[in-house]
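For reference, the structure is listed below as structure tokens.
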Amino acid sequence: MKGKKLLSILMTTVMLSAVATGCSKPAPTTTTPSGGANDTKTGEVVKLVYARGQDTTGATNEIVKQFNEAHKGKIEVTFAEMPSDSGKQHDQYVTVFNGKGTDYDVFDADVIWPAEFAQAGYALPLDKFVEKDGINMKDYMKGPVQALTFKGQLWGMPKFIDAGLLFYRKDLVTNVPATWDDLIAQAKSLKGNTGSGYSYIMQAKQYEGLVCNATEFISAYGGKVVDGDGNITINSPETKKGLEVMKSIVKSDFVPNNVTTFTEPESDTAFIEGKAAFLRNWPYQWAESQDASKSKVVDKVGVAPLPKGSVASAAALGGWVTMINKYSKHPNEAWEFLKFMTGADGQKITAVKGGSAPTLLSVYNDSEVQKNPLFGNKDFVAGLSAAVSRPVSPIYPKLSDIMQVEISKYLAGSQDVDTTIKNMDTKMKEAVTAAK
Ligand code: GLC
């Protein structure tokens, strides 16, 4: 991978950014940390439930195992696996937390949710815990910390950071495509070499991942969904060009013919089964590809920045943070687990076994972590560290839903590109105004 090139991409990354709107204050909370002490009677084991999306890497089981061993007789964490689709996971949390449910004590949240969850009163502010344990938030990448900061409080801890990347098969691809035009040309000629009849995999189902893929195309061709001041700027010829290129790929004969049902797990499975030459996915794909127990492409995978459009190469920035349910009966024990998982030891497991990029900068100095070609690449790490979060907003999910619905209609052929852009523009502006 060309480090410098990747750095410049991450620096120019543009992602769906939402507006920080003036909303009512988050619900107050009275919980104070009590020094990590057991919340219940002495001798009683505190049982915690930790929820996150499906984890095919095994990293979560390892984190839970290590924590439980270290806290034997005191705290016992059980992992509740949620849907891998970020939107479905979101809705499941909203249902539980709206009813003040205590089903989950600790949970992972997509970087786009903290403001909404804080505003809705679902999460516990963590400032006092952080202060008590002398954690310096400057030790973490600033983008995810920004995403967690809302109304002057910190609503979770950064777990890992994501950026869209191009994975390719070194045994099939001689020149890594620098532009989308290159990729299209190569994908056409390689579709006969994979045994599957296709060669490129992306995420085109109607869900959050579609917004990430679409935003990468829009940005690569010079479009901007939202400007720095929070104004919706999606209605432009650049957006049109980006969406047209995206549709030409989705409708091509070098992607799976059911690509509009593909999310990350379908993409990952097909790629590690050796069915494609190229794949757009998040950093964890590297660890998946190298896992000999399931991958047929061990040692055959390279990673590069996503191709350039007419203007730039753009990677959507994502990632996950960990929060505590405001109604958890055991906030102090919940914090202990959260602190372990998002601290140096937990992040190392997430990086080495899970393949996801740490947010705690010191973890990149670990020699085992550095074995991952992405994490050992100083420019990649610098690019991620410099990445700025999407402006933090409680209405992000609304804006994303609008994009998901309208772009899916366009990809399915039920509306043209101009109508798609006009609808997004009108509806997103309405959502912003309504939230003011
Ligand atoms: C990854 C990213 C997350 C994004 C999701 C979309 O999990 O980390 O931010 O929203 O993919 O599918």
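Every number for a ligand or one of its atoms is a count from 1 in the order of the listing. Not measured: the values here are computed from a predicted model.
Residues Lys371 and Glu368 are not paired through a salt bridge, judged by the lack of any N-O separation under 4.0 Å between the basic side chain and the carboxylate.
Checked against the 6.0 Å centroid threshold, Tyr200 and Phe271 do not count as a close aromatic pair.
No part of Gln203 comes within 4.0 Å of ligand 1, judged by heavy-atom distances.
Polar contact check, Asp110 against ligand 1: a nitrogen or oxygen pair lies under 3.5 Å apart.
Met202 approaches Ser267 most closely through the heavy-atom pair O-OG, 3.9 Å.
Tyr410 carries Lys247 over the face of its six-membered ring, with the cationic atom under 6.0 Å from the centre and within 45° of the normal.
Contact atoms of ligand 1 toward Asp162: 1 (C), 2 (C), 7 (O), 8 (O) (distance under 4.0 Å to a heavy atom of the residue). Residue Gly209 approaches ligand 1 through these ligand atoms, each under 4.0 Å from one of its heavy atoms: 6 (C), 12 (O). Counting the atoms of ligand 1 from 1 in the order shown, those under 4.0 Å from a heavy atom of Gly319 are 2 (C), 3 (C), 8 (O), 9 (O).
Between the side chains of Glu264 and Tyr207, at least one donor N or O lies within less than 3.5 Å of an accepting N or O.
For atom 7 (O) of ligand 1, the nearest non-hydrogen atom from the set Trp320, Trp282, Tyr207 belongs to Trp320.
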